[in-house]
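Every chain is numbered from 1 and lettered A, B, ... according to where its sequence line falls, protein lines coming before strand lines.
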Protein chains: 2
Amino acid sequence: MTLKTEKYPALYQASLELFADFGYRKTTVEDVAVKLDMTKGNLYFYVKNKKQLYEQTITHALTQWKDHVKKAVDKKSDPVEKFRVMAVSALAYIEKNAPLRQVIIKDPQIFTLSPREDRFAETNQAAMVILKDILKQGVAQKKFYPMDVDQVTAYLFSVYMMFLIKTYVNADQASSKKLFAIALELNLRGLLNHTTDRLTPIV
Amino acid sequence: MTLKTEKYPALYQASLELFADFGYRKTTVEDVAVKLDMTKGNLYFYVKNKKQLYEQTITHALTQWKDHVKKAVDKKSDPVEKFRVMAVSALAYIEKNAPLRQVIIKDPQIFTLSPREDRFAETNQAAMVILKDILKQGVAQKKFYPMDVDQVTAYLFSVYMMFLIKTYVNADQASSKKLFAIALELNLRGLLNHTTDRLTPIV
DNA sequence: AAATTGAATAATTTAACTTTTTGTTCAAAT
DNA sequence: ATTTGAACAAAAAGTTAAATTATTCAATTT
């Protein structure tokens, strides 16, 4: 007799694997139920409907991803190192997580450049906090140039999304990896506090 | 009696306007022919088929865009100024070109982050040359840091594409404009030759 | 010859309808 | 508290005919 709350990890795993293999449309509620050794009727005791099952599953996977990056970042103290670790560990994580990668290929809209239509906006906001805190710390320690932290966070997160799209949605694996290193260098160069001069007039 | 070659400017204009208003599917070959005061049979004297009519029309519009930016850039001599003018004039041009903007909204795939499936790759390659030449000049004059110009060009062009998608495909107009200024500053800061130290190890 | 027409034909799209599959609910059972 | 299975609703897939649109081309005009 397992407690309701104890069932969710297995539920999310079964669900993620099926959605990864067949996509949202071709995965039936019964497929998921059978994989969990239950009937589809019973699955509705755990989730409201198919759509929410899907979204909760993805949200769970994205949250685990974010937590993993957070842990890696917290091991460093220097903001420059934190920035680098954030970028590298985020990419390394998904590199190892095949089901999540597959789900993204089947449903490219999971990664969107449009915050307005981001179904996982809440989770992504939480991920952005990691970046934002690094920038804040860097600015406070005068290691990064004085900036509008929220805007720079939004921009860099967009660039990160762009890479995820290029690498995993479009599967330009090899070329994207190289570009990622180039981008990391260029952006870190930009963040570092070489000068206090403003380079572009405020529009 | 107009010469065949003289008809193309009017042809591309009529075609662009119709595709802008109705999109590829809802624009008929007859619509275009009527707008040019000819029959659809005769339109086939000028273009191979509907798909090519569409692609030639977009290519023509994108090429004009590129030429406009090139002209603006050529008026400056300093690579930093060139970089800024390139960014600003590119955005200003499309801001004024309503039909091109509309066509992009109707067919978001015109701007893609995937070079492999870019139907207008050739035209975009030509546009990248402008950026590449600016970077080359900046590096040669030691104003920009020593870099792999091809890779940095590819990265910055991706960022540019990302902005076009965010601003015109996703219509996050207001917020994207601000981010563009932020990005311009951050990237120029990164390009400038403050140090010769490598910030990230080569992967 | 170069450009254009209009009619014939091929290809594609749309609409209406049927059948099948899948999602969701819920009273009854464990 | 959790699970079942049957009933029902909703959505997807398949079928077909009609209508629209793309394309070709022999004949005509400029």
Side-chain angles (χ1 to χ4, degrees), chain A residues 1-60 102-103 105-110 117 119-120, chain B residues 1-60 102-103 105-110 119:
Chain A
M1 201 66 24
T2 56
L3 209 67
K4 188 178 181 182
T5 51
E6 290 170 7
K7 207 125 205 178
Y8 284 97
L11 198 158
Y12 290 139
Q13 195 189 328
S15 170
L16 187 68
E17 282 171 16
L18 284 165
F19 285 130
D21 282 348
F22 307 118
Y24 179 80
R25 242 192 49 204
K26 290 286 185 188
T27 300
T28 68
V29 173
E30 188 150 30
D31 287 341
V32 181
V34 166
K35 190 155 190 167
L36 292 163
D37 287 313
M38 58 170 76
T39 59
K40 58 178 176 173
N42 190 32
L43 193 48
Y44 280 84
F45 180 70
Y46 294 97
V47 295
K48 201 189 160 210
N49 55 37
K50 188 185 179 185
K51 189 169 237 165
Q52 288 208 7
L53 165 62
Y54 182 72
E55 292 189 347
Q56 283 176 227
T57 300
I58 308 287
T59 298
H60 181 254
Q102 279 178 269
V103 150
I105 289 162
K106 294 261 153 72
D107 181 3
Q109 302 266 55
I110 289 172
E117 58 193 45
R119 285 172 290 163
F120 306 100
Chain B
M1 200 63 24
T2 55
L3 209 65
K4 188 178 181 181
T5 50
E6 290 171 6
K7 208 127 204 178
Y8 285 98
L11 198 158
Y12 290 139
Q13 195 187 329
S15 170
L16 187 67
E17 283 172 14
L18 284 165
F19 286 130
D21 283 348
F22 306 120
Y24 179 80
R25 240 194 47 190
K26 290 286 185 188
T27 301
T28 68
V29 173
E30 186 150 34
D31 286 341
V32 182
V34 166
K35 189 154 191 168
L36 292 164
D37 286 315
M38 58 170 73
T39 59
K40 57 179 175 171
N42 191 32
L43 193 50
Y44 280 83
F45 180 70
Y46 295 97
V47 294
K48 198 190 162 211
N49 54 36
K50 189 184 176 184
K51 188 169 237 167
Q52 289 210 5
L53 165 62
Y54 183 72
E55 292 190 348
Q56 283 176 228
T57 300
I58 309 285
T59 297
H60 181 255
Q102 282 177 266
V103 150
I105 289 163
K106 294 261 153 74
D107 181 2
Q109 302 266 55
I110 290 172
R119 286 171 290 165

Do side-chain atoms of [X] reach the backbone of [Y] as a donor and acceptor pair under 3.5 angstrom?
| X | Y | answer |
| --- | --- | --- |
| A:Lys50 | A:Thr27 | yes |
| A:Lys40 | A:Val29 | no |
| B:Tyr8 | B:Tyr46 | yes |

* Asked: Once you round to the nearest 0.5 Å, how far does NZ of A:Lys26 lie from CG of A:Asp31?
  -> 11.0 Å

* Asked: OP1 or OP2 of D:dT2 sitting under 4.0 Å from any side-chain N/O of A:Tyr46?
  ->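 No, no such contact exists.
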
* If only side-chain N and O atoms of A:Lys7 are considered, is one of them under 4.0 Å from the OP1 or OP2 phosphate oxygen of D:dT3? -> yes

* Side chain to side chain, B:Phe19 and B:Leu53, heavy atoms closer than 4.5 Å ->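 Touching, per the 4.5 Å side-chain cut-off.
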
* So, are A:Arg25 and A:Asp107 salt-bridged, with charged N and O less than 4.0 Å apart? -> no

* How far does the helix from C:dA1-D:dT30 to C:dT30-D:dA1 bend, going by the axes of its first and last five pairs, to the nearest 10°? ->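 The value is 50°.
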
* Structure fact -> Among D:dA1, C:dT14, C:dA2, the one nearest any side-chain atom of A:Phe45 is D:dA1

* Atom CD of B:Gln109: over 12 foreign heavy atoms under 6.0 Å ->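 No, the 6.0 Å shell around CD holds no more than 12 heavy atoms from other groups.
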
Starting at [atom1] of [X] and ending at [atom2] of [N], how long is that distance when rounded to a whole Å?
| X | N | atom1 | atom2 | answer |
| --- | --- | --- | --- | --- |
| A:Phe22 | C:dT22 | CZ | P | 12 Å |
| A:Leu11 | D:dT2 | CG | C1' | 14 Å |
| A:Leu36 | D:dT4 | CG | C1' | 16 Å |

* Asked: Does a side chain donor of either A:Thr39 or A:Asn42 reach within less than 3.5 Å of an acceptor in the other side chain?
  ->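 Checked: A:Thr39/A:Asn42 side chains show no N/O donor-acceptor pair below 3.5 Å.
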
* Return the 5'-most residue of the pair A:Lys26, A:Met38 with respect to DNA chain D, ranking by each residue's nearest nucleotide. => A:Met38

* Asked: A:Gln52: what forms a side-chain hydrogen bond (donor to acceptor under 3.5 Å, both in side chains) with it, not counting sequence neighbours?
  ->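 Here no residue qualifies.
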
* Quick one: side-chain hydrogen bond (donor to acceptor under 3.5 Å, both in side chains) partners of A:Lys35, sequence neighbours excluded? ->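 If we apply the side-chain hydrogen bond (donor to acceptor under 3.5 Å, both in side chains) test to A:Lys35, skipping adjacent residues, the hits are A:Glu17.
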
* **Residues in contact with DNA chain D, drawn from residues 52-60 of chain B - heavy-atom cutoff 4.0 Å** =>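 Close to the strand, none.
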
Please produce a list of atom pairs where a protein N or O lies less than 3.5 Å from an N or O of nucleotides 20-23 of chain D.
{"from": "D:dA22", "atom 1": "OP1", "to": "B:Lys50", "atom 2": "NZ", "distance (Å)": "2.9"}
{"from": "D:dA22", "atom 1": "OP2", "to": "B:Val29", "atom 2": "N", "distance (Å)": "2.9"}
{"from": "D:dA22", "atom 1": "N7", "to": "B:Lys40", "atom 2": "NZ", "distance (Å)": "3.1"}
{"from": "D:dT23", "atom 1": "OP2", "to": "B:Tyr44", "atom 2": "OH", "distance (Å)": "2.5"}
{"from": "D:dT23", "atom 1": "OP2", "to": "B:Lys50", "atom 2": "N", "distance (Å)": "2.8"}
{"from": "D:dT23", "atom 1": "O5'", "to": "B:Tyr44", "atom 2": "OH", "distance (Å)": "3.1"}

* **A:Asp21: partners by side-chain contact (heavy atoms from CB on, under 4.5 Å), with sequence neighbours left out** =>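 Partners of A:Asp21 by the side-chain contact (heavy atoms from CB on, under 4.5 Å) criterion, ordered by chain and then number, come out as A:Gln102.
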
